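Below is one structure, written out as C-alpha cells; the observations come after it.
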Amino acid sequence: MALVTYLPSSDYEAMPWRNGAGVTHEIAIDDSSGESKAPFLWRLSMADLAGDGPFSEMPEVDRILVLLEGEGVQLTIAGADPEPLAEHESIAFPGDVPTSLTMTPGSGRDLNLMWDRTRVQGMVDILNIGDTLQIEEHIAFAIALGTSATVEVDGYEYVLGEQDALQLDDATTFAVLDGEVYVARID
C-alpha cells in the first residue's frame, strides 16, 4: 500500500537560485551525498521567472523543466538554437551545460525535476482526466497544474489545490479523475 503525503504549496520553502538571479520554491529534496559532484540525489522545485537570464549550472545533474506560465519562453541549451516552450510542455536537458532563458517581459513559473545522473533517473508525465499510470518507482510526486485536481492513488481519492503536491511512496496505480496533473518519478 502506498504512503501518500500531502504537500500544500503554501509550505514550499522559498530560496534564492544558486546564481542569485531568482527565487525557487523547494517542494521536496533528497540531499543525500554520493561520489558525484551533484549537490543532491534529486530535487523537485518550482521557480519564479522574472525575465531573461542564465540558469545555474549543476555538475552531473540532469533536469526536466515544465513551463507552468509565461509568454514567449525559450531556452538556449549549450549554444544550440533557442527552443520555444509552451505552457505545460516539458524539456529535458543536462544541468551542467550553459543554459539561458528568454521570455516576453512579465512573469512566469516553471516546475523543475533535477537528479544526480550517476545515481538515479527522473521522468515527468503530464496527465489529464481519464489518464492512468502504473508507478513502478519507489518515489513519485503529483502536482495539480490547474486550479485543482482530483486523483486516485491505489483506489483512494485525493483532492489537490492549485500547485499542491502529493508525495507517493511505493504507489502502484495512479489516475486523474479531474484536472491536469504533473507527475514526477524518480528511479
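Below, each value reflects all heavy atoms present in this structure, side chains not excepted, and no hydrogens, waters or symmetry copies. Fair warning: this is a prediction, and the values are worked out from it, not measured in the lab.
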CA sep, side-chain torsions, deciding dist, call: Trp42, Arg119, side chain to side chain contact (heavy atoms under 4.5 Å, CB included): CA-CA 9 Å; Trp42 56 261; Arg119 298 189 286 161; over 6 Å; no
Trace of the side chain to side chain contact (heavy atoms under 4.5 Å, CB included) decision for Asp110 with Leu68: CA-CA 5 Å; Asp110 65 30; Leu68 295 176; 5.5 Å; no
Candidate pair Asp96 and Arg117, rule side chain to side chain contact (heavy atoms under 4.5 Å, CB included), full reasoning: CA-CA 11 Å; Asp96 49 7; Arg117 76 171 67 100; 3.0 Å; yes
Derivation and outcome, side chain to side chain contact (heavy atoms under 4.5 Å, CB included), residues Leu145 and Leu111: CA-CA 10 Å; Leu145 292 181; Leu111 278 166; 4.0 Å; yes
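Residues Ile129 and Leu177 fail the side-chain proximity criterion, which asks for heavy atoms closer than 4.5 Å. Side-chain contact between Met15 and Thr24: present, with at least one pair of heavy atoms (C-beta onward) separated by less than 4.5 Å. When side chains are defined from C-beta on, Leu49 counts as touching Leu67, because their heavy atoms get closer than 4.5 Å.
We find the CG-OH distance between Leu7 and Tyr12 to be 6.0 Å, quoted to the nearest 0.5 Å. Atom CD1 of Ile143 sits about 6.0 Å away from atom OH of Tyr182, to the nearest 0.5 Å. Rounding to the nearest 0.5 Å gives a distance of 7.5 Å between OG of Ser9 and CD of Glu162. Here Thr104 contributes atom OG1 and Glu71 contributes atom CD; the two are 6.0 Å apart, rounded to the nearest 0.5 Å. We find the CD1-CD distance between Ile29 and Glu13 to be 9.5 Å, quoted to the nearest 0.5 Å. The distance from the CD atom of Glu157 to the CG atom of Asp178 is 10.0 Å, given to the nearest 0.5 Å.
With hydrophobic clusters built from ILVMFWY side chains whose heavy atoms lie under 4.5 angstrom apart, Leu168 does not share a cluster with Leu44. Under the 4.5 Å side-chain heavy-atom criterion for Ile, Leu, Val, Met, Phe, Trp and Tyr, Tyr6 and Tyr158 are members of the same hydrophobic cluster. Leu3 and Tyr156 fall into different hydrophobic clusters, where Ile, Leu, Val, Met, Phe, Trp and Tyr residues are linked whenever their side-chain heavy atoms come under 4.5 Å apart, directly or through other members. If you chain together hydrophobic residues whose side chains sit under 4.5 Å apart, Phe55 and Met46 never meet in one group. A chain of hydrophobic side-chain contacts below 4.5 Å, direct or via other Ile, Leu, Val, Met, Phe, Trp or Tyr residues, connects Ile186 to Ile27.
Salt bridge Arg185/Asp125: present, at least one basic N to carboxylate O contact under 4.0 Å.
The main-chain N or O of Thr173 is found under 3.5 Å from a side-chain atom of Asp154 such that the two form a donor-acceptor pair. Checked by atom type and distance alone, the side chain of Asn112 never pairs as donor or acceptor with a backbone atom of Leu65 at under 3.5 Å. Within the 3.5 Å criterion, the main-chain N or O of Glu60 finds no donor-acceptor partner in the side chain of Ser36. Side-chain N or O atoms of Asp11 include none that pairs as donor or acceptor with a backbone N or O of Pro8 at under 3.5 Å.
Asp48 and His25 share a donor-acceptor pair across their side chains, judged by distance under 3.5 Å alone. Side chains of Gln163 and Arg109: a donor-acceptor N/O pair is present below 3.5 angstrom, by distance only. Side-chain atoms of Asp169 and His138 include no donor-acceptor pair closer than 3.5 Å.
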Donor-acceptor pairs are to be reported for all side-chain atoms of residues 75-93 against protein atoms at under 3.5 Å, with residues two or more places apart or in another chain.
unit_1, atom_1, unit_2, atom_2, d
His88, ND1, Glu180, OE1, 2.8
His88, ND1, Glu180, OE2, 3.4
Glu89, OE2, Ala86, N, 3.4

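Trp115 meets the ring-ring contact (aromatic ring centres under 6.0 Å, His included) test with no other residue; sequence neighbours excluded. Among residues two or more places apart in sequence or in another chain, the side chain to side chain contact (heavy atoms under 4.5 Å, CB included) test is passed with Thr102 by Asp52, Gln74.
Among Val183, Val176, Thr172, the single residue meeting the side chain to side chain contact (heavy atoms under 4.5 Å, CB included) criterion with Leu133 is Val183.
Of all the heavy atoms in Gly51 and Leu101, the pair that sits closest is O-CD2, 3.5 Å. Among all heavy-atom pairs drawn from Pro94 and Asp62, the shortest one is CA-OD1, 3.5 Å. Nearest approach of Val181 to Ala149, heavy atoms of both residues: CG2-CB, 3.7 Å. The two residues Gln121 and Met123 have their closest heavy-atom pair at O-CE, 4.0 Å. Taking every heavy atom of both residues into account, Pro39 and Pro59 meet most closely at CD-O, 4.4 Å. The two atoms that bring Leu160 and Ala142 nearest to each other are CD1-O, 4.0 Å, heavy atoms only.
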